[in-house]
**Student:** 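The structure that follows is given in the form of structure tokens.
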Protein chains: 2
Amino acid sequence: MKSRDISLAACSYSHVLEIISNKWTALVIYSLENGTIRYGEIQRRIEGISQKMLTQTLRQLERDGLVSRKVTPSVPPIVEYALTPLGDSLIPCMKMLKDWAADHYSEVGKAREAYDTSGAEPVVR
Amino acid sequence: MKSRDISLAACSYSHVLEIISNKWTALVIYSLENGTIRYGEIQRRIEGISQKMLTQTLRQLERDGLVSRKVTPSVPPIVEYALTPLGDSLIPCMKMLKDWAADHYSEVGKAREAYDTSGAEPVVR
DNA sequence: CCGAATCCCCAGAGATACTG
DNA sequence: CAGTATCTCTGGGGATTCGG
């Protein structure tokens, strides 16, 4: 009984990906990796993110227990976000991914170029 | 000049995620981690994947230089897939992710449950 | 046996405008 | 400042059918 089927539900890969594979999630976690930070600051850090997506992403991360949210009721209100210990434990993984990308992404670029040059780009994109 | 903005394009996180964040990519890589394997076998391994998605995923991985494809023209044809060295270099990262999930995913589950119980599930899902 | 091609649907992502 | 509320539209992904 070696490696049997690996349906979505059964495989732990899916669980992590379910968490970090959204377009913005990884960037948001990244922006928090140096400590507590305010909403507006995150938005300034991540160029191109809309309020909607930022809020949605933060809510998801909060729900997953990776990010904590602290509201200071004042006028104007101050809302700060930070990684929880659980969220922090993800950082090494993220870093490894990032390092892999830094080391190998140029190869991927080359491969794509080669692939697209030989055949007449049959990939859907 | 500390951590400035981290727009999509500039950040290496995005590059990796661009590769592995599709629904099936990680599973396909996982199914190849023990060596060469045939198309049909992959499909049998990954429960629920359609031919379209499998083919599409394999093409993308091939284009990215992570997977090699070897056709033996016969009747019926034999098509075998394997990880390239580049693809192989991703395995440790994937494994780390998988281990994180194995270790911490239950906590995520708890966090979600708690979150959904306290507020009346305001998250979009 | 290994795919390519087609049709269809809906969740996810952007843009915009409004509120406490 | 930190969100919520809508509206729209694209493209990822499933089901099905055809070809070598």
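In what follows, chains are A, B, ... by sequence order, proteins preceding strands, each numbered from 1. All of these numbers come straight from a predicted model, not from anything done at the bench.
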**Student:** Do M94(A) and M96(B) belong to the same hydrophobic cluster, where Ile, Leu, Val, Met, Phe, Trp and Tyr are linked whenever their side-chain heavy atoms lie under 4.5 Å apart, directly or via other members?
**Tutor:**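 Each belongs to a different hydrophobic cluster.
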**Student:** How many Å lie between NZ on K52(A) and C1' on dG3(D), as a whole number?
**Tutor:**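 Distance, rounded to whole Å: 14 Å.
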**Student:** Tell me: CD of E80(A) to P of dC1(D), nearest whole Å?
**Tutor:**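 Result: 14 Å.
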**Student:** Among the nucleotides dT4(D), dG14(D), dC2(C), which one has an atom lying closest to any side-chain atom of V79(B)?
**Tutor:**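 Nucleotide nearest to V79(B)'s side chain: dC2(C).
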**Student:** Measuring to OP1 and OP2 of dC1(C), would you say a side-chain N or O of R38(B) lies under 4.0 angstrom away?
**Tutor:**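 Answer no for this pair, as no side-chain N or O of R38(B) is under 4.0 Å from OP1 or OP2.
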**Student:** Check the angle between the aromatic planes of Y105(B) and H15(A) and answer parallel, tilted or perpendicular using the 30° and 60° thresholds.
**Tutor:**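 Ring orientation, 0 to 90° scale: parallel.
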**Student:** Between L54(B) (CG) and dG14(D) (P), how many Å, whole number?
**Tutor:**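 Distance check: L54(B) CG to dG14(D) P gives 12 Å.
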**Student:** For the side chain of K23(B) and the base of dG13(D), is some donor closer than 3.5 Å to an acceptor across the two?
**Tutor:**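 In this structure, the two groups form no donor-acceptor pair.
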**Student:** Which nucleotide in the set dG14(D), dA13(C), dC2(C) lies at the smallest distance from any side-chain heavy atom of P77(B)?
**Tutor:**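 Closest nucleotide among those given: dC2(C).
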**Student:** Run the salt-bridge test on E113(B) and K110(B) with the 4.0 Å N-O cut-off and return the result as yes or no.
**Tutor:**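 Not counted as a salt bridge, because no side-chain N and carboxylate O are separated by less than 4.0 Å.
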**Student:** Counting only side-chain nitrogens and oxygens, does R69(A) get under 4.0 Å of the OP1 or OP2 atom of dA2(D)?
**Tutor:**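 Negative; the distance criterion is not met.
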**Student:** Nearest whole Å is fine: how far is dA5(D) P from Q56(A) CD?
**Tutor:**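 Rounding to the nearest Å, CD of Q56(A) and P of dA5(D) are 13 Å apart.
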**Student:** Rounded to whole Å, please give me the gap between CE in M53(B) and C1' in dA15(D).
**Tutor:**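 Atom-to-atom, M53(B) to dA15(D), this comes out as 11 Å.
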**Student:** Say whether Y39(B) and T55(B), considering side chains only, have a donor N or O and an acceptor N or O under 3.5 Å apart.
**Tutor:**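 Distance-only check passes for Y39(B) and T55(B).
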**Student:** Q60(B) has an atom CD; how far is it from atom P of dA4(C), in whole Å?
**Tutor:**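 Computing the Q60(B):CD to dA4(C):P distance gives 13 Å.
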**Student:** How many whole angstroms separate atom CD1 of I37(B) from atom P of dC2(C)?
**Tutor:**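 After rounding, the gap between these two atoms is 11 Å.
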**Student:** Inspect the contact between R112(B) and E18(A) and indicate whether a charged nitrogen and a carboxylate oxygen are less than 4.0 angstrom apart.
**Tutor:**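 A salt bridge links E18(A) with R112(B).
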**Student:** Using whole Å, report how far CD of Q51(A) lies from C1' of dC18(C).
**Tutor:**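 So the CD-C1' distance, Q51(A) to dC18(C), works out to 11 Å.
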**Student:** Which of the following nucleotides, dA2(D), dG14(D), dC2(C), is nearest to the side chain of Y39(A)?
**Tutor:**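 Closest nucleotide to the Y39(A) side chain: dA2(D).
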**Student:** OP1 or OP2 of dG3(C) versus the side-chain N and O atoms of Y81(B): is any pair under 4.0 Å?
**Tutor:**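 The answer is yes; a side-chain N or O of Y81(B) sits under 4.0 Å from OP1 or OP2.
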